[in-house]
Each structure stands twice: as C-alpha cells, then as structure tokens.
Amino acid sequence: MPTAPATSAPAGTPYIKVCGMREPTSLAAVAALQPDFLGFIFYPKSSRYVGEELSAETLAALPAGIRKVGVFVNENTEEIRRRVRELGLDLVQLHGHEAPTQCQELRESGLAVVKAFSVGADFNFDQLTPYVSHVDYFLFDTKGEQPGGNGTTFDWSLLAGYPLEVPYFLAGGLDLAHADSLRNLRLPGLFALDLNSRFETAPGVKDADLLRQLFTKLRPRG
Ligand SMILES: O=C(O)c1ccccc1NCC(=O)[C@H](O)[C@H](O)COP(=O)(O)O
C-alpha cells in the first residue's frame, strides 16, 4: 500500500475497503483479512454510526498497513478534525454536499480526502471538475434514499467514460455474487472496491467468512 495517495491500483487489482465497522469482535475478524482500508461511519442517522464508543486504542491495535477512513455527511470541519485527532484516522470520506473549499481545508490538515458522489442514470461528470484539485480520490456510490449504505448497485458502465485523472473507489451494493464481474472490471481510474451492507449480519457487524471468499477471488495469489 502506498502511504501517499496513488493514482492507480497495482497491476489492475483494485484495493479493498470494508466500510461500516463498529462491533469490536467483528472488527478484529475483518482486520485479520488485511483489507487495505476500513471505514467507520460518523453520521448519526446511520444504523452503523460508531457514536463515541470507538476508542483510539482499538484503532491503534489494528494491523499495520490498514488505513482508517472516517465517513462524514455534511459535518463541520472542526468536528471532523476532532474525530481524526482523537482516533488517528488516515483519510476522511465526505458523503454529503461538502464544498471543494471544505475538502481543501481538510487536505491542508494533512488528510487524504475522498469525496463521494451518488450516481444515478443521469450522472454528469462535470460536477466533479471543481473538486479535482482539492481531493485525493472520488467515490462513486449508488443514488438512494440514504446518503450511503443503500445496498444497491448502479450501472458501472457509466464509468467506462471516466474522463479524469483522480482515482476513485467503486461502491454501492457490491457482494459476493459480483466476484467475477469485479475481477474482470477494467474501468479507467478504478482504485478500490468498497464493501459494506451486503456483507453484514447486523448493522456494524460483518460476515468475515463471506468477505474472505470475495477477497480470495479478487486478490491475486502469492
Ligand atoms: O453505510 C452507511 O450507513 C453510510 C451512511 C451515510 C453515508 C455513508 C455511508 N456509507 C459509506 C460507504 O462507504 C458505503 O460503503 C457505501 O455507501 C456502499 O454501501 P453499500 O451500498 O451498503 O455497499
């Protein structure tokens, strides 16, 4: 894993992020699979909201090399910085209507910034342009009732014409049944795959065995 934002995943194999972690036993089981990123939801209206219970000690004990992502929705910069400071988060994922200026502020704090966008059939890449110089990654998720974690896919072929250099995470309803399609995806700019509700047994609790099956199919041997 690069320590600085990279522009592409190694040899066409996207990195893997597991999002929506909370429950400590499940967190340990998933961390043992060595995902590249683990995501924690700091949006109070989400069923996966971590609240104030997640401790810096728990996160510090995660295996080295796993990057910790804080997911926020329309949160103010000071509160985001507080969480980052207290928990030692490595990246922030902004999943609401955050402006390019807020992305820039957070970057100036030394954070890598992921800006999420909801994708529907009418998705227009032009809306990304003002963010290009102020983010490290985009994340494309399915448009739905909630800002994220809806568990539904969008038409990935919309990304075949991705016109920018900023690498991105692909999110939205990814599950084990997609293993073959995901392994064969050759989308320009694809950096990482984001896994969440399709691997849950309860909010904040993941089925580590199901995740292991997908990891085995996606990651090259050796
Ligand atoms: O997961 C949530 O509850 C959530 C709520 C509000 C904003 C973002 C949220 N999740 C962010 C993620 O990165 C999810 O992994 C992404 O939305 C995909 O989730 P899913 O469709 O369940 O695979």
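Each ligand, and each atom within it, is numbered from 1 in the order the structure gives.
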Would you check the N or O atoms of [X], main chain and side chain alike, for any that come under 3.5 Å of an N or O of ligand 1?
{"X": "Gly151", "value": "yes"}
{"X": "Tyr43", "value": "no"}
{"X": "Ser47", "value": "no"}

What donor-acceptor contacts under 3.5 angstrom involve side-chain atoms of residues 109-117, with partners at least two apart or in another chain?
unit_1	atom_1	unit_2	atom_2	d
Ser109	OG	Arg81	NE	2.9
Ser109	OG	Arg81	NH2	3.3
Ser109	OG	Glu105	O	3.2
Ser109	OG	Leu106	O	3.3
Lys115	NZ	Gly96	O	2.9
Lys115	NZ	Glu98	OE1	3.3

Exercise. What pairs meet the salt bridge (Lys or Arg N to Asp or Glu O under 4.0 Å) rule with one or both residues in residues 188-204, with sequence neighbours excluded?
Worked result: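 For residues 188-204: Lys17-Asp194, Arg48-Glu200, Glu200-Lys206.
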Of all the atoms in ligand 1, which lie at a distance below 4.0 Å from a heavy atom belonging to [X]?
{"X": "Val71", "result": "8 (C)"}
{"X": "Lys17", "result": "13 (O)"}
{"X": "Val73", "result": "6 (C), 7 (C)"}
{"X": "Asp194", "result": "13 (O), 14 (C), 15 (O), 16 (C), 18 (C)"}
{"X": "Gly173", "result": "20 (P), 21 (O), 23 (O)"}
{"X": "Arg48", "result": "1 (O), 2 (C), 3 (O)"}

Exercise. Does Gln93 come within less than 4.0 Å of ligand 1, judged by its heavy atoms?
Worked result: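 Distance cut 4.0 Å: Gln93 passes for ligand 1.
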Exercise. Gly39 near ligand 1, heavy-atom distance under 4.0 Å?
Worked result: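 Judged by the 4.0 Å heavy-atom criterion, Gly39 does not count as contacting ligand 1.
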Identity and distance of the protein heavy atom lying nearest [atom]:
{"atom": "atom 5 (C) of ligand 1", "value": "Gly148 O, 3.6 Å"}
{"atom": "atom 17 (O) of ligand 1", "value": "Asp141 OD2, 2.5 Å"}
{"atom": "atom 10 (N) of ligand 1", "value": "Ile41 CD1, 3.5 Å"}
{"atom": "atom 14 (C) of ligand 1", "value": "Asn196 ND2, 3.3 Å"}

For this session: May I ask you to identify, for Ser197, whether its side chain, its backbone, both or neither come under 4.0 Å of ligand 1 on a heavy-atom basis?
Result: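 The answer is both, backbone and side chain.
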Exercise. When rounded to the nearest 0.5 angstrom, what distance separates CG in Leu211 from CG in Asp175?
Worked result: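 Reported value, rounded in 0.5 Å steps: 11.0 Å.
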Exercise. If you measure from CG on Leu210 to OG1 on Thr201, what distance do you get to the nearest 0.5 Å?
Worked result: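 Atom-to-atom, Leu210:CG and Thr201:OG1 are 10.0 Å apart.
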For this session: Run through Phe140, Phe138, Phe191 and flag the one making a ring-ring contact (aromatic ring centres under 6.0 Å, His included) with Tyr168.
Result: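 So the option named by the test is Phe140.
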Exercise. So, Thr152 and Asn150: side-chain donor and acceptor under 3.5 Å apart, yes or no?
Worked result: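 Side-chain D/A pair, Thr152 to Asn150: absent.
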Exercise. Taking all non-hydrogen atoms of both residues, which atom of Gly20 and which atom of Ile41 are closest, and how far apart?
Worked result: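 Here Gly20 and Ile41 meet closest at CA-CG1, 3.9 Å.
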Exercise. What are the two closest non-hydrogen atoms of Leu33 and Ala208, and how far apart are they?
Worked result: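 In this case the closest contact between Leu33 and Ala208 is CD1-O, 3.6 Å.
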Exercise. Charged N to carboxylate O under 4.0 angstrom, Lys45 versus Glu145?
Worked result: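 Between Glu145 and Lys45 there is no salt bridge, as every charged N stays at least 4.0 Å from the carboxylate O atoms.
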Exercise. Would the Phe40 and Phe42 ring centres measure less than 6.0 Å apart?
Worked result: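 Judged by ring-centre distance (under 6.0 Å), Phe40 and Phe42 do not meet the cut-off.
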